[in-house]
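Take a look at the structure below.
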Amino acid sequence: MYSPQQQAVTVLGSTGSIGVSTLDVLERHPQRYSIFALTARERVEELAQQCRRFAPRFAVVADEEKAGRLQSMLAASDLQTEVLWGVEGLCQVAADSRVDTVMAAIVGAAGLRPTLAAVEAGKRVLLANKESLVMAGPVFTRALAASGAEMLPIDSEHNAIFQCLPQPCGSLEGAGVEKILLTGSGGPFRRHQLDDLHHVTPDEACAHPNWSMGRKISVDSATMMNKGLEFIEACLLFNARPEQIKVVVHPQSIIHSMVQYRDGSLLAQMGNPDMRTPIAHALAFPERIDSGVAALDLIAQGRLDFEAPDLRRFPCLRLAREAMAAGGSAPTVLNAANEVAVDAFLGGKLPFTGIPAVIEQVMDSVPAVELTGLDAVENADRQARALALKVLESA
Ligand code: NAD
Ligand code: MG
């Protein structure tokens, strides 16, 4: 139930994997948090159930038809929740003056406007939606500086890095940091024969060995584009130069990332692979609250392994580094082409190995421009998507 005495939280993308984990943590602390708004694109029945459980002030869906359906479901259960729709509705519940914290957990570029609206309104923004930051890095940096909003990383790696840095952290140099070690499991195909990758199915790609996640990020993990996006995300969040970030494959996903200091210290954050830990950390920061995640049993775990990433197997990692080096709209183009390619793969219209091929073709054909504002971001995104669709048609 929404109440002004507690911290009011909007959960953008509440029916997704991160959204559901967020509600699980929030429900453990009813004295501390109240739910202001919940949002979903199309799973109206699921959103109605969440509304019955949390009685938010607002619920938002994709369009008017779904809003009508949700409204009648809620009226039948006598709920006062007001129903909104579309991107305007999302931006409204992200920026409302009664909201303290916004969990940005919509997947892909669709999260850009509402996440930016939360930043511009000076909220505590819990960033899961890495695509929005990757596609509009300079726009976010300027908006954060102007509003004084606080952005806390939910991505487990960036949350780990944040935990291994002194807070506040003015600059990496000032803090004595030499390198950030961004860990990744290598996904389900780390050991696959390279020739067999052509034939892997969406279900195989989505069967991640350690994490249970939405389908888009699961495919990104299998191509390691997820690590590529995270590399760009880390440069932006921690104001790091590309050469300060090293990707390390760590198949067990127990260490979530590390920070290497000048004096030879290497700090790691560890835990069971469960997103409720970074969610609880960012919700309560600088305090610590129960997340429902069991303590890590290192003896049962037994061993931790590390290896260098294989760039031949994972060309997406190289493409992300190239996009970051090119700067401007290059990461926007990379992200847009990836979203279109992943969608095509999930829809059975593109083989797994076609994903990096489509992205590379699009990146080669769209010149990087400066990201002067949201319009420039949305233009580059649109242009890259149109071109990616053309490449798919001609393939
Ligand atoms: P998901 O597919 O499980 O959920 C996505 C949510 O976004 C759903 O609630 C859906 O209704 C909503 N949504 C999708 N398209 C929308 C649109 N066009 N308009 C409005 N709402 C829309 O995804 P997820 O795995 O929860 O991931 C969410 C974000 O968090 C992604 O950016 C992902 O990269 C990031 N992330 C996820 C994990 C994880 O463990 N799942 C870890 C780190 C980061
Ligand atoms: Mg991650």
Side-chain angles (χ1 to χ4, degrees), residues 1-86 89-96 98-107 110-111 114-115 118 123-129 154 211-215 274-284 287 289-294:
M1 174 82 82
Y2 166 66
S3 135
Q5 270 74 49
Q6 298 143 310
Q7 279 191 55
V9 183
T10 281
V11 183
L12 301 170
S14 63
T15 53
S17 162
I18 293 286
V20 167
S21 293
T22 304
L23 292 179
D24 180 278
V25 175
L26 291 170
E27 204 169 26
R28 291 166 194 273
H29 303 281
Q31 310 299 328
R32 202 176 168 117
Y33 304 106
S34 69
I35 311 252
F36 184 77
L38 297 174
T39 87
R41 180 174 52 174
E42 54 193 5
R43 293 188 353 217
V44 176
E45 177 51 50
E46 212 170 312
L47 185 59
Q49 274 173 20
Q50 291 184 341
C51 289
R52 284 180 216 117
R53 212 163 109 210
F54 294 100
R57 179 71 191 76
F58 291 97
V60 189
V61 286
D63 55 46
E64 195 171 359
E65 180 272 324
K66 291 181 188 70
R69 272 202 285 141
L70 180 61
Q71 213 138 29
S72 28
M73 286 178 201
L74 298 184
S77 15
D78 220 13
L79 269 172
Q80 302 306 311
T81 301
E82 200 173 315
V83 179
L84 308 173
W85 69 85
L90 292 172
C91 292
Q92 183 182 326
V93 298
D96 192 292
R98 291 163 287 185
V99 172
D100 302 294
T101 300
V102 175
M103 166 55 81
I106 290 174
V107 60
T115 305
K123 306 302 181 194
R124 170 174 283 201
V125 181
L126 312 187
L127 185 78
N129 177 215
I154 293 299
W211 297 95
S212 142
M213 311 181 282
R215 283 173 85 75
D274 187 321
M275 290 306 292
R276 291 176 300 172
T277 296
I279 291 167
H281 170 266
L283 269 173
E287 291 171 40
I289 57 172
D290 173 37
S291 67
V293 179

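For the pairing with Val25, the side-chain contact (heavy atoms from CB on, under 4.5 Å) check across Met275, His281, Met103, Arg276 returns one residue only, Arg276. Among the candidates Leu47, Val9, Val61, the single residue satisfying the side-chain contact (heavy atoms from CB on, under 4.5 Å) test with Leu38 is Leu47.
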Given side-chain contact (heavy atoms from CB on, under 4.5 Å), test Leu26 with Leu283 step by step and report yes or no. CA-CA 9 Å; Leu26 291 170; Leu283 269 173; 3.7 Å; yes
Thr115 vs Ile106, test: side-chain contact (heavy atoms from CB on, under 4.5 Å). Steps then yes/no. CA-CA 9 Å; Thr115 305; Ile106 290 174; over 6 Å; no
For Leu12 and Asn129, what are the C-alpha separation, side-chain angles and deciding distance, and is it a side-chain contact (heavy atoms from CB on, under 4.5 Å)? CA-CA 10 Å; Leu12 301 170; Asn129 177 215; over 6 Å; no
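Using a distance-only test at 3.5 Å, with no hydrogens or angles considered, no donor-acceptor pair links the side chain of Arg32 to the main chain of Gln7. At distances below 3.5 Å, not a single donor-acceptor pair connects side-chain atoms of Glu42 with backbone N or O atoms of Ala62. A donor-acceptor pair is defined here as one N or O able to donate and one able to accept, closer than 3.5 Å; such a pair exists between the side chain of Thr10 and the backbone of Val93. A side-chain donor-acceptor contact under 3.5 Å links Lys123 to the backbone of Val99. Looking at Thr81, its side chain never comes within 3.5 Å of a backbone N or O of Arg57 through a donor-acceptor pair. Remark: side-chain polar atoms of Gln50 are paired, donor with acceptor, to backbone N or O of Ser14 under 3.5 angstrom.
Going from atom CD of Gln6 over to atom CG of Asp100 covers 10.5 Å, rounded to the nearest 0.5 Å. A distance of 5.0 Å separates CG of Leu90 from OG1 of Thr39, quoted to the nearest 0.5 Å. Note that CD of Glu82 is 8.5 Å distant from CD of Gln71, once rounded to the nearest 0.5 Å. Annotation: the span from Leu70 atom CG to Glu65 atom CD amounts to 11.0 Å, rounded to 0.5 Å. Put simply, CG on Asp290 and CZ on Arg28 are 6.0 Å apart, with the number rounded to the nearest 0.5 Å.
Contact record, Trp211 with Asp274: CZ3-N, 3.4 Å, taken as the closest heavy-atom pair. Nearest heavy-atom pair, Ser17 versus Met213, reported as atom, atom and distance to 0.1 Å: OG-CA, 3.8 Å. Between Ile18 and Ala105, the shortest heavy-atom contact is CG2-CB, 3.5 Å. Closest approach of Val60 to Gly86, counting heavy atoms only: CG1-O, 3.9 Å. Across all their heavy atoms, Ala67 and Trp85 have their closest contact at CB-CE3, 3.6 Å. Of all heavy-atom pairs between Ala59 and Cys51, the closest is CB-SG, 3.8 Å.
Put simply, the side chain of Tyr33 reaches to within 4.5 Å of the side chain of Ile289, judged on heavy atoms. A heavy-atom distance below 4.5 Å is found between the side chains of Leu126 and Thr101.
A donor-acceptor pair shorter than 3.5 Å cannot be found between the side chains of Thr15 and Glu46.
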